[in-house]
Amino acid sequence: MKTHKIAVLSGDGIGPEIILESVKILKVVEQVFNYSFVFEEGLIGAIAIDETGNPLPESTLQLCKDADAVLFGSIGDPKYDNDPNAKVRPEQGLLKLRKELGLFANIRPIKAYESLLGKSPLKKSHIEGTDMVIFRELINGIYFGEKFTADDYSYAYDTCTYKKEDIEQITHLAFQEALKRRKKVTLVDKANVLDTSRLWRKVAMEISKQYPDVELDFLFVDNAAMQLIINPKQFDVILTENMFGDIISDEGSVIGGSIGLLPSSSVGTENALFEPIHGSYPQAKGKGIANPMASILSAAMMLRYLGLEEGAKAIEDAVENAINNLIVTSDLDETSDYSTSVVAHYVIKILLSEHDQQSYINLENILIGKSTII
Ligand code: IPM
Ligand code: MG
């Protein structure tokens with residue numbers, strides 16, 4: 001079995017807490033399915049600024065380039081959010097990493113878990129059966145265009161640019177995914193106003209000819225924002241540009257009941273990174289209340305990307321079991337006092353009970369670290 005090198009970037013806020021649990025679970029899966037992982041940690045974000053002055057130190061970038069996959073926690077710190085003058089910001093580390101690794105497609109699945117239907121602020125009848133995946137372009141558009149702020153702060157601008165080839169590569173991925181699903185791609189744009197959106201439409205229409213079995217339709221982003229709330233079941237694959245994807249994926253997270261549930265993968269031709277869609281949630285840092293599921297499910301997506309399907313499925317099934325039995329953190333059930341690690345340990349317990357009876361019997365020792373499995 002090939003040894004997979006995994007770069008672990010915990011980042012800021014709740015990042016280290018959730019990554020700790022995901023790595024524990026990956027080590028269990030490693031043993032149960034005879035995989036072989038090497039984990040190497042790197043600094044990124046506010047903590048990297050504190051320690052090195054750079055939100056993405058060269059050593060971290062190199063570590064990620066050399067790794068088979070990157071497991072990422074979260075990034076951001078209020079001391080920067082509240083300071084518009086800060087020239088060096090934690091987010092720059094993540095954006096540069098995405099760009100340098102060429103991670104052009106950010107894939108964000110959103111589904112309504114049956115047992116959590118009542119937890120969403122949206123009506124159960126609206127969200128039941130929702131199962132969609134957002135393909136967000138990640139390394140172009142307004143995030144990466146020319147930007148400027150006048151010295152006297154009298155004006156500023158950001159520009160949005162897309163090249164045909166930037167749109168083509170993610171559009172192909174979205175259509176290929178649709179072929180495996182319900183065969184529908186919805187392009188979300190603002191083609192009634194923006195030139196870049198009209199280019200997206202043109203390119204998507206051309207490419208759709210190569211996928212005659214997939215239906216392509218279009219929605220303006222303002223309408224899409226509304227449709228996501230009133231009729232999310234209509235969506236299968238959503239394809240969209242960088243900033244619209246950022247916004248509608250946070251919006252979509254309310255369907256599942258909590259943003260703390262949503263994983264994502266970011267893929268390029270050479271590299272891939274796996275991260276929750278939520279941010280660093282600094283208010284929860286160190287309190288043991290962060291929902292570890294988005295990170296654990298991101299680890300499962302990573303295994304699938306590495307071709308380790310059995311492990312990926314085992315994690316997803318165990319997470320689903322935890323959710324069905326409401327072994328969840330308080331963001332999903334206000335009466336719950338299950339901590340981050342209690343929820344993760346339950347996932348480990350279920351995984352072992354299904355796949356490794358011997359270790360399951362030894363579970364207590366494993367969880368307190370007396371056994372080699374963790
Ligand atoms: C996300 C985040 C990032 C983004 C931030 C942290 C730069 O919101 O991954 O969705 O805007 O892409
Ligand atoms: Mg976001």
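Counting convention: from 1, in listed order, for ligands and their atoms alike.
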Using non-hydrogen atoms of the residue, decide whether R136 is closer than 4.0 angstrom to ligand 1.
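R136: in contact with ligand 1 (<4.0 Å).
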Measuring from non-hydrogen atoms of R108 to any atom of ligand 1, is the shortest distance under 4.0 Å?
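For ligand 1, residue contact (heavy atoms, under 4.0 Å) with R108 is present.
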Is the closest side-chain donor-acceptor distance between D166 and Q169 under 3.5 Å?
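Their side chains do not contain a donor-acceptor pair, so the 3.5 Å distance test is not met.
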Report whether any nitrogen, oxygen or sulfur of D246 sits less than 2.8 Å from the Mg ion (ligand 2) (N, O or S, backbone or side chain).
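For D246, the answer is yes, given that an N, O or S atom comes within less than 2.8 Å of the Mg ion (ligand 2).
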Those atoms of ligand 1 less than 4.0 Å from some heavy atom in E91
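Answer for ligand 1: 6 (C), 7 (C).
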Minimum heavy-atom separation for I323 and S115, please, with both atom names.
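That would be O-OG, 3.2 Å.
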I'd like to know if D189 and R201 make a salt bridge, using a cut-off of under 4.0 Å between side-chain N and carboxylate O.
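R201 and D189: salt-bridged.
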Looking at K111 and E320, is any side-chain nitrogen of the basic one under 4.0 Å from a carboxylate oxygen of the acidic one?
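Counted as a salt bridge, because a side-chain N and a carboxylate O are separated by less than 4.0 Å.
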Identify the protein heavy atom lying closest to atom 11 (O) of ligand 1, giving its residue, its atom name and the separation to 0.1 Å.
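That would be Y143 OH, 2.5 Å.
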Would the number of heavy atoms belonging to other residues, nucleotides or ligands and lying under 6.0 Å from NZ of K124 be above 12?
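Result for NZ/K124: open.
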Taking the cut-offs as 6.0 angstrom to the six-membered ring centre and 45 degrees off its axis, would you call K99 and F144 a cation-pi pair?
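Flagged: K99 positioned over aromatic ring of F144.
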Test your reading of the structure: does R98 have an N or O sitting under 3.5 Å from an N or O of ligand 1?
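Indeed, backbone or side chain, R98 has an N or O that close.
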Test of proximity, D246 against ligand 1: N or O pairs below 3.5 Å
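It does: an N or O of D246 is found under 3.5 Å from an N or O of ligand 1.
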